[in-house]
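Down below is the structure, laid out as structure tokens.
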Number of protein chains: 2
Amino acid sequence: MSDLQSMDTLVSLAKRRGYVFQSSEIYGGTGSVWDYGPLGVELRRNVMDAWWSAMVHQRDDVEGLDSGILMHPRVWEASGHVEGFTDPLVECKHCKMRFRQDQLGASACGQKPSKAPGETDSCDLGEPRLFNLMFETFMGPVKDAAATVYLRPETAQGSYVNFLNVQTSARQKIPFGVAQMGKAFRNEITPGNFIFRTREFEQMEMQYFVEPGTDDEWFEYWRAQRLEWHRSLGIRGEKLRLTPHGPNELAHYAKTAEDIEYEFPFGWKEFEGIHNRTDFDLGRHQEYSGKKLEYVDSASGKRFVPYVIETAVGVGRTMLVAMVDAYREEEVEGDTRVVLGLHPRLAPIKVAVFPLVKKDGMPEIAEALHKELRAAGIPSFYDTSGAIGRRYRRQDEAGTPWCVTVDGQSVEDGSVTVRDRDTMDQSRVAASAVRAWVQERLGGVA
Amino acid sequence: MSDLQSMDTLVSLAKRRGYVFQSSEIYGGTGSVWDYGPLGVELRRNVMDAWWSAMVHQRDDVEGLDSGILMHPRVWEASGHVEGFTDPLVECKHCKMRFRQDQLGASACGQKPSKAPGETDSCDLGEPRLFNLMFETFMGPVKDAAATVYLRPETAQGSYVNFLNVQTSARQKIPFGVAQMGKAFRNEITPGNFIFRTREFEQMEMQYFVEPGTDDEWFEYWRAQRLEWHRSLGIRGEKLRLTPHGPNELAHYAKTAEDIEYEFPFGWKEFEGIHNRTDFDLGRHQEYSGKKLEYVDSASGKRFVPYVIETAVGVGRTMLVAMVDAYREEEVEGDTRVVLGLHPRLAPIKVAVFPLVKKDGMPEIAEALHKELRAAGIPSFYDTSGAIGRRYRRQDEAGTPWCVTVDGQSVEDGSVTVRDRDTMDQSRVAASAVRAWVQERLGGVA
């Protein structure tokens, strides 16, 4: 049994099974945006539903929010993004090409600056300049500086500017949190590693507002919660690690920060961050908006600007972790079996239902069972095409935990076989009991 | 009992109860984007889940997709949006202000063109010019024409360019559909009517690919399906109507089109469209990409570019229809009772649990019941604050179908009262039976 060795293998499976397609592929792609196909969109839903359940529905102290991608431009002045959300670039004075300063040496780009004598289009580099990673656009009919707005680079600021609206309408008391899931955009100079670093991406962020002085203990609490959540989705513990930011790595707003990293085929990489953002953001929005963003404790009368503990994880990165961690190849009777061993909660299809052959009353029984499962809210897939072994292998690659086969015996005694994706064991179950059998196995996780 | 008379009443309730906040309110707002608060985000989820269930999960012939907001710019040349997605504007040659031509007379804007003699900043209107409604931005480090990309004005094109990827990976046969939910952006000159017309909005669109010649009957089929879906969410039939587009109203791609309209306080307005887009879009993408987008029938060997029947509805507009339709005021014992009578499937909170008083063992029973419901996946809200009548009224406004109260008798015999939002009737149920009582009533709709 072997793990995923190369991202190309996963990219290929992802396209073949309808998980991930290159955006605008028929036009040559964009190089930095990916589309989720029929199975990918379900994996995405399952990841997001699991996060929302754990962070919002199963708690009384976290409220949901969905703020806009386009916000008032002053938000990004207050947050520091207009001034500080930058990468250093050097531009060729001659051809106007731009290069990321810290990657000049390593870049494999064909247009890398060269100084060959006599080459008239050779690059002539200027001084490094700061390039802002926010996408800019114009709102309203006039394209001028006054109409400039940004595509948000994080959902967090939407939670800060709505802090008092949420607290008041939901009648929450400190400590409490605001959770958001949604798209964000960063004009990365070098996107890459499949869906790991993209210019358009989706975040799941939670801002937890606490009394100053209690922030260190809440930081510990949320770090533990978030690590446990990834384990609860079946991610192998030995592939996960926590890495604190050193003093020189901390963002301008952070007192402490820690990354949750996963060991991808391209190395250990951060896919979730837990940050103690202090009162920086609320304080700046107070200053820039002129509106108080204080919490008043109704019992003690104490007033303060809360500290914020943030947990921020990418949807695409969580999907990538789930797929990479689940991928394995096995030798089975001289053949290679490819399995996407996703946790049943994350698997797009929970059950595939097959008639062994397309006759003798088998399709009728199988189709009725498929419809019964579907009506009960269990994602089910009905397939009649190809040899049964081939149908099993397709579902192994798709990540489907259970396959149900209707065979000759089913027509006689109403029993069917249920095949387990991971062990390949088959057991006989009454067709009428399959729904409860599956619900029981999903029950603990749904 | 009276319906909603004025949008201001709903805007106020929506803010007070945490349904909808003005985006970036502390900075004076953006005037065209709205944020969903703790209850709004759940109403949004329930609307989207209901659509996805009906359109994808409960069908074998529709596949889900989630394509990017940023696509290759050629997509929008092929679709006709770069050339044709425009409104006519007139610009003042002097002050550079722009005005929508068809609204010059009716506009209440203080900067409306005037010709008062001697006013040096009086407007001097030029010829009308076409203003494109797509938001433009730049991808990559160089801001030039070659880097221009657009925020998608519809999700549909993502489904067209992925047509073959979806069909092949999901092994679908014609007729089949591709469903998407996601954000889209239109730089409307005059946004308004609360969340009805916004510049950032969310769509639920389904593209159904059919053999040419069968398109008229599939158009009829989907029109009936979509109307029935809105009724199934409790929207009153007399407030819904179908309005076909006349020959002069049809979009450039459409053979036939019909709107589903609702009677808002501001008049009958379209909130869903059903369109026969013919083979226009796939044909254009074939032409512009140079890639075949044909379907090959494996049985007959027939090849053709499919026709498309599209159903397109706004998430925000569906939420607005649900809220407007559900709003009512009643006289109860000399008081006005405000009720948001949302269908239980759409209601953000399904059950609120109250101890009658905060002593005598009532909070313990109530909290245990709240946690039991929550763990079973039933959104529940626990509230101990204020007189019981006040707590009921808050939940009436929030749209919660059932309130459960733990009183003195509960401590003695384990029974609780369940109050119905619409009838205000109370019945006694064993606390241990409440979960099944609620699941039964949600069962037919969940």
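All values below were derived from every heavy atom in this structure, side-chain atoms included, with hydrogens, water molecules and symmetry-related copies excluded. Sequence lines set the chain letters: A, B, ... in the order given, protein chains first and strands last, and positions in each chain run from 1. Quick caveat, the model's predicted, so the values are computed rather than measured.
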* **Portion of B:L133 that has a non-hydrogen atom of chain A nearer than 4.5 angstrom** => neither
* To do: Please assess B:D49 against A:R45 for the test salt bridge (charged side-chain N to carboxylate O under 4.0 Å, His left out), listing each intermediate value before the final yes or no.
  => CA-CA 10 Å; B:D49 284 352; A:R45 283 173 69 81; 3.2 Å; yes
* Residue A:Y27 versus chain B: region with a heavy atom under 4.5 Å -> both
* To do: Go through the atoms of B:N162 and report whether side chain, backbone, both or neither lie under 4.5 Å from a heavy atom of chain A.
  => side chain
* Which bit of B:I69 is near chain A, if near means a heavy-atom gap under 4.5 Å: side chain, backbone, both or neither? -> both
* Parallel, tilted or perpendicular: which describes the rings of A:Y160 and A:H285, with under 30° parallel and over 60° perpendicular? -> tilted
* Mutual orientation of the aromatic rings belonging to B:F135 and B:F185 [parallel < 30°, tilted 30-60°, perpendicular > 60°] -> perpendicular
* **Partner chain A: residue of B:V178, B:L65, B:L151, B:V161 with the largest heavy-atom pair count (under 4.5 Å)** => B:L65
* Structure fact -> Okay, A:E200 and chain B: the region with an atom under 4.5 Å from a heavy atom over there is side chain
* chain A contact via B:Q180 - side chain, backbone, both or neither, heavy atoms under 4.5 Å -> neither
* Among B:N165, B:T168, B:V33, who wins on heavy-atom pairs under 4.5 Å with chain A? -> B:N165
* Compute whether any side-chain donor of one residue and acceptor of the other, for A:S380 and A:H370, lie under 3.5 angstrom apart. => yes
* Are B:E77 and B:R284 ion-paired here, with the side-chain N under 4.0 Å from a carboxylate O? -> no
